[in-house]
Amino acid sequence: MAVTLKDVATLAGVSVKTVSNVVNGYAFVKPENRRRVEEALAATGYRPNVGARNLRRGRTGFLALMVPELAIPYFGELAGLVITAAQRRGWSVLIEQTQGTRDRERATLSSLGPHLVDGALVHPEALEASDFPDSVGGIPLVLLGEHAVEVAIDHVAIDNVLAARTAVRHLVGLGRRRIAAIGANPQRGTSEQRLAGYRAALSEADLSYEDSLVAPVEKYHRTYGASAMKQLLALPSPPDAVFCFNDLLAVGALRAAAEQGLRVPEDIAIVGFDNNEESSFSLPSLTTIAPDKAALAEAAVELIHRRISGEAAAAPQDVQTPFSLEIRESTTGYERDIVRT
């Protein structure tokens, strides 16, 4: 005989409603009651009939996640964390990668609706406000990341300007004075915000901004980081430090510096952004800005959940999640510390 909610409630010593709240992922359950219910669920082997439950609610049981490129580790890691956060609330996740092009992003947005998903998490690179149709079907949307879109939609991101300032301040504090940046790309909101933070940190340190020290890239891949680093090292007065707008660019820069016979960090210090797993295994290990990706994923999925449940305020929310600066060998040799914000 199939285990019922009542069986679980009897074993846990709580009401059927409490068991239902735990099974459905609601946050307002006392920790002790949640623990007892979770133990009872495990002991009885209870498995909810997700299909029937979704039909009763008029839901699909799916969320959509739209990201530019899964080959970039940040987005792959974020996707895994979104899946974990969604599963705790009974959702599966459909993932679409857009390559960051406006056409693909618009096409993905226009395909969404209550017939397919209950909500969507969107990490845009090129969308504009006019690209958000009224016909998305009324499903909750959450914007992720740095791309600025003036629309009345929930948004979750770190403070990218402050994060970039933190990275460059670290280099300034080490006595570096010719600090370059790799990652300029006017088509990316990521670039605009991190460049703004870079410039702000230079200004507060009374260091001049020089166009020649800002290397543009087409994509945030290793090969473009290496190529940009070679251009910077060929300058008549090359940099003594480089802030890269993501870790893949920084890994490429590390390779180019090694090929030129430079020592990192003795001759040139390098900082990345994203704290991908690769950054702690590069040689030298990479100092990098570490967004709390788990907190970002949790906050985004929770916003969708609250919108669907009718718990969220009517006004769109702008949620900032934390980050830290992971200090590793690429700036201080074998010394290591963590600066949190």
Side-chain angles (χ1 to χ4, degrees), residues 74 146 157-184 190-215 217 220 225 228-229 232-233 235 237-258 260 262-276 278-293 320-341:
Y74 173 83
E146 307 84 5
I158 70 168
D159 186 336
N160 270 265
V161 176
L162 177 59
R165 288 175 69 180
T166 300
V168 178
R169 284 170 177 167
H170 170 62
L171 294 170
V172 170
L174 295 173
R176 309 294 171 146
R177 290 298 176 265
R178 285 191 59 76
I179 302 172
I182 294 177
T190 300
S191 169
E192 293 177 1
Q193 294 191 22
R194 294 178 189 176
L195 185 60
Y198 163 79
R199 296 190 69 155
L202 293 182
S203 177
E204 68 186 24
D206 292 324
L207 297 176
S208 299
Y209 172 85
E210 299 180 25
D211 286 334
S212 63
L213 287 177
V214 178
V217 297
Y220 281 14
M229 185 64 142
L232 292 169
L233 295 178
L235 292 172
S237 180
D240 60 5
V242 180
F243 167 49
C244 299
F245 289 6
N246 85 341
D247 284 351
L248 295 189
L249 293 173
V251 169
L254 282 171
R255 175 72 185 193
Q260 296 285 330
L262 297 178
R263 301 168 301 163
V264 178
E266 292 84 357
D267 301 319
I268 187 166
I270 298 175
V271 176
F273 202 115
D274 286 344
N275 195 35
N276 298 327
E278 183 177 1
S279 66
S280 62
F281 288 93
S282 62
L283 188 64
S285 58
L286 182 64
T287 293
T288 183
I289 293 292
D292 190 335
K293 294 185 278 283
Q320 285 193 349
T321 50
F323 68 88
S324 62
L325 175 65
E326 292 280 348
I327 300 175
R328 299 192 180 107
E329 297 161 1
S330 68
T331 59
T332 59
Y334 288 98
E335 299 175 11
R336 187 169 185 270
D337 198 359
I338 302 177
V339 179
R340 301 200 178 276
T341 63

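L195 pairs in a side-chain contact (heavy atoms from CB on, under 4.5 Å) with only one of the listed residues (V161, T190, N160, V214), which is V214.
Heavy-atom minimum distance, S330 versus I270: OG-O, 2.6 Å. Nearest heavy atom pair, residue P239 against residue I268, reads O-CD1, 3.7 Å. When all heavy atoms are compared, the tightest approach of A257 to M229 is CB-CE, 4.1 Å. For V217 against I182, the heavy-atom pair with the smallest separation is CG1-CG2, 3.9 Å. Across every non-hydrogen atom of A184 and S191, the tightest pair is CA-OG, 3.3 Å. Here the shortest heavy-atom pairing between G333 and P265 reads N-CG, 3.5 Å.
Judged purely by atom type and a 3.5 angstrom limit, R177 uses its side chain to pair as donor or acceptor with the backbone of V172. Not one N or O on the side chain of Q320 forms a donor-acceptor pair closer than 3.5 Å with the backbone of D159. The backbone N or O of R199 lies less than 3.5 Å from no partner atom in the side chain of S203, so there is not a single donor-acceptor pair. The main-chain N or O of R176 is never found under 3.5 Å from a side-chain atom of D240 such that the two would form a donor-acceptor pair. Under the 3.5 Å distance criterion, the side-chain polar atoms of S324 are left unmatched by any main-chain donor or acceptor of E326. Between the side chain of Y220 and the backbone N or O of G183 there is at least one donor-acceptor pair closer than 3.5 Å. Side-chain atoms of D274 never come within 3.5 Å of backbone atoms of N276 as a donor-acceptor pair (strictly under, hydrogens ignored).
With contacts defined as side-chain heavy-atom distances shorter than 4.5 Å, the pair V251/L248 does not qualify. In this structure, the side chains of T321 and P291 stay at 4.5 Å or more apart for every pair of heavy atoms. Side-chain contact between N275 and F323: absent, with no pair of heavy atoms (C-beta onward) separated by less than 4.5 Å. In this structure, L213 and I179 have side chains that are not in contact, with every pair of non-hydrogen atoms separated by 4.5 Å or more. For the pair V242 and V271, the minimum side-chain heavy-atom distance is 4.5 Å or more.
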The test is side-chain contact (heavy atoms from CB on, under 4.5 Å); show your working for Y74 and K293 and say whether it passes.
CA-CA 9 Å; Y74 173 83; K293 294 185 278 283; 3.6 Å; yes
Going through the distances and angles, do D247 and T288 end up as a side-chain hydrogen bond (donor to acceptor under 3.5 Å, both in side chains)?
CA-CA 7 Å; D247 284 351; T288 183; 2.7 Å; yes
Begin from the C-alpha positions of R328 and S279 and carry the test side-chain hydrogen bond (donor to acceptor under 3.5 Å, both in side chains) through to its verdict.
CA-CA 9 Å; R328 299 192 180 107; S279 66; 3.1 Å; yes
side-chain contact (heavy atoms from CB on, under 4.5 Å) between E204 and R165, intermediate numbers included:
CA-CA 10 Å; E204 68 186 24; R165 288 175 69 180; 2.7 Å; yes
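Donor-acceptor pairing under 3.5 Å is recorded for the side chains of S237 and R178. For T287 and H170, the side-chain atoms include no donor-acceptor pair closer than 3.5 Å.
Note that the OG atom of S212 and the CG atom of L235 stand 5.5 Å from one another [nearest 0.5 Å]. From L283, atom CG reaches atom CG of L254 across 9.0 Å, with rounding to the nearest 0.5 Å.
Judged by the 6.0 Å distance and 45° axis criteria, R194 is positioned over the aromatic ring of F273.
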